[in-house]
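Report on the structure given below.
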Amino acid sequence: MAEPTTWQLLGDVEACLQRITVANGFRTDAGLAVTREPSRVPESDSAVIGLALGRLEPPDQPGLARTHRKASIVIVGKIAVDSTNDQARLHDLLDDITRAIDGQAPRFGAGRALPTFVSASPIEPEPGVKWLGLTVIYSAHVLR
């Protein structure tokens with residue numbers, strides 16, 4: 001039996017994000033630490049990306065009501081705080097995430113649409129935490 005389309009969608013996004021390396025023309029090497037298990041993100045990595053399924057909703061296109069669902073993809077990016085330009089590095093990470101997904105429709109399998117950007121927001125760290133983070137939300141229609 002095939003994996004659920006929502007899990008396949010996360011795999012497609014994961015493959016896009018794994019391209020994020022300086023050698024591939026991105027600003028960070030966050031693609032070296034991408035996981036679909038965001039609760040297991042290590043504190044030691046300098047840049048990490050976790051992704052998970054967010055909300056599942058009815059599609060926002062009437063023609064898809066019987067065949068698809070709208071899935072939100074939650075991407076959490078974290079960078080270690082270790083310099084005087086940490087905020088700029090966080091912006092670099094956001095740019096890398098959006099560039100890694102933009103224009104990658106061929107990477108998405110049958111029944112899974114290229115996700116579209118919805119929002120990005122900073123994560124307020126707890127006192128004493130040595131990282132900065134952001135949450136990026138995308139959405140895509142997937143077959144039921």
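Worth knowing before you read on, the calculation uses all heavy atoms, side chains too, and leaves out hydrogens, waters and symmetry mates.
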- [ ] Considering non-hydrogen atoms only, spot the tightest contact between Arg144 and Arg66 and give its length.
- [x] NE-O, 3.6 Å
- [ ] Working to the nearest 0.5 Å, report the span between CZ of Arg36 and CD of Glu14.
- [x] 4.5 Å
Task: Interatomic spacing from CG in Leu93 to CD1 in Ile49 - rounded to 0.5 Å - done: 5.5 Å
Open item on the list: Is any side-chain heavy atom of Ile137 closer than 4.5 Å to one of Ile75?
Closed with: no
- [ ] Take Arg112 and Asp12, measure what salt bridge (Lys or Arg N to Asp or Glu O under 4.0 Å) needs, and give me the verdict at the end.
- [x] CA-CA 9 Å; Arg112 300 181 304 277; Asp12 296 339; 2.6 Å; yes
Open item on the list: Looking at Thr67 and Leu143, would you say the former's side chain and the latter's main chain have a donor-acceptor pair under 3.5 Å?
Closed with: no
Task: Closest heavy-atom pair and its distance - Cys16, Phe108 - done: SG-CE1, 3.8 Å
Task: Side-chain heavy-atom pair Val136, Phe117 within 4.5 angstrom cut-off - done: yes
Open item on the list: Would a single hydrophobic cluster contain both Leu32 and Ile20, if residues Ile, Leu, Val, Met, Phe, Trp and Tyr are joined by side-chain heavy-atom contacts under 4.5 Å?
Closed with: no
Open item on the list: Just so I know, are the side chains of Leu53 and Val74 near enough to count as touching, which here means a heavy-atom distance under 4.5 Å?
Closed with: no
Task: NZ on Lys78 to OG on Ser46, rounded to 0.5 Å - done: 12.0 Å
Task: Which atom of Ala33 lies closest to which atom of Ala47, heavy atoms considered - done: CB-O, 3.6 Å
Open item on the list: Please report the interatomic distance CD1(Ile97) to OH(Tyr138), rounded to the nearest 0.5 Å.
Closed with: 7.5 Å
Open item on the list: Nearest 0.5 angstrom please: Arg69 CZ to Arg55 CZ, how far?
Closed with: 14.0 Å
Open item on the list: On a heavy-atom basis, which atom in Pro115 and which in Leu9 lie closest, and how many Å separate them?
Closed with: CG-CD1, 4.4 Å
Task: Heavy-atom donor-acceptor pair, Asp29 side chain to Thr21 backbone, under 3.5 Å - done: no
Task: Residue pair Thr116 / Ser139, side-chain heavy-atom distance below 4.5 Å - done: yes
Task: Note, Ile101 side chain near Leu17 side chain (heavy atom, < 4.5 Å) - done: yes
- [ ] Look up atom CG in Leu94 and atom CZ in Arg27, then write down how far apart they are to the nearest 0.5 Å.
- [x] 10.5 Å
Open item on the list: Under a 3.5 Å cutoff, is there a donor and acceptor pairing between the side chains of Asp96 and Thr28?
Closed with: yes
- [ ] Of all the heavy-atom pairs spanning Asp86 and Ile79, show the shortest one and how long it is.
- [x] O-CD1, 3.3 Å
Open item on the list: Looking at Gln104 and Leu114, would you say the former's side chain and the latter's main chain have a donor-acceptor pair under 3.5 Å?
Closed with: no
Open item on the list: Using every non-hydrogen atom in the two residues, find where Arg19 and Arg99 come nearest and quote the distance to one decimal.
Closed with: NH1-O, 4.4 Å
Task: Step-by-step side chain to side chain contact (heavy atoms under 4.5 Å, CB included) determination, Arg89 to Leu132 - done: CA-CA 9 Å; Arg89 290 178 47 241; Leu132 291 175; over 6 Å; no
Task: Note, Asn24 side chain near Val22 side chain (heavy atom, < 4.5 Å) - done: no
Open item on the list: Using the rule given for side chain to side chain contact (heavy atoms under 4.5 Å, CB included), can you reason through Val76 versus Leu134, listing the C-alpha separation, both sets of side-chain angles and the distance that settles it, and then say yes or no?
Closed with: CA-CA 6 Å; Val76 176; Leu134 55 91; over 6 Å; no
Open item on the list: Are Leu64 and Leu56 linked, directly or through intermediate hydrophobic residues, by side-chain heavy-atom contacts shorter than 4.5 Å (ILVMFWY only)?
Closed with: no
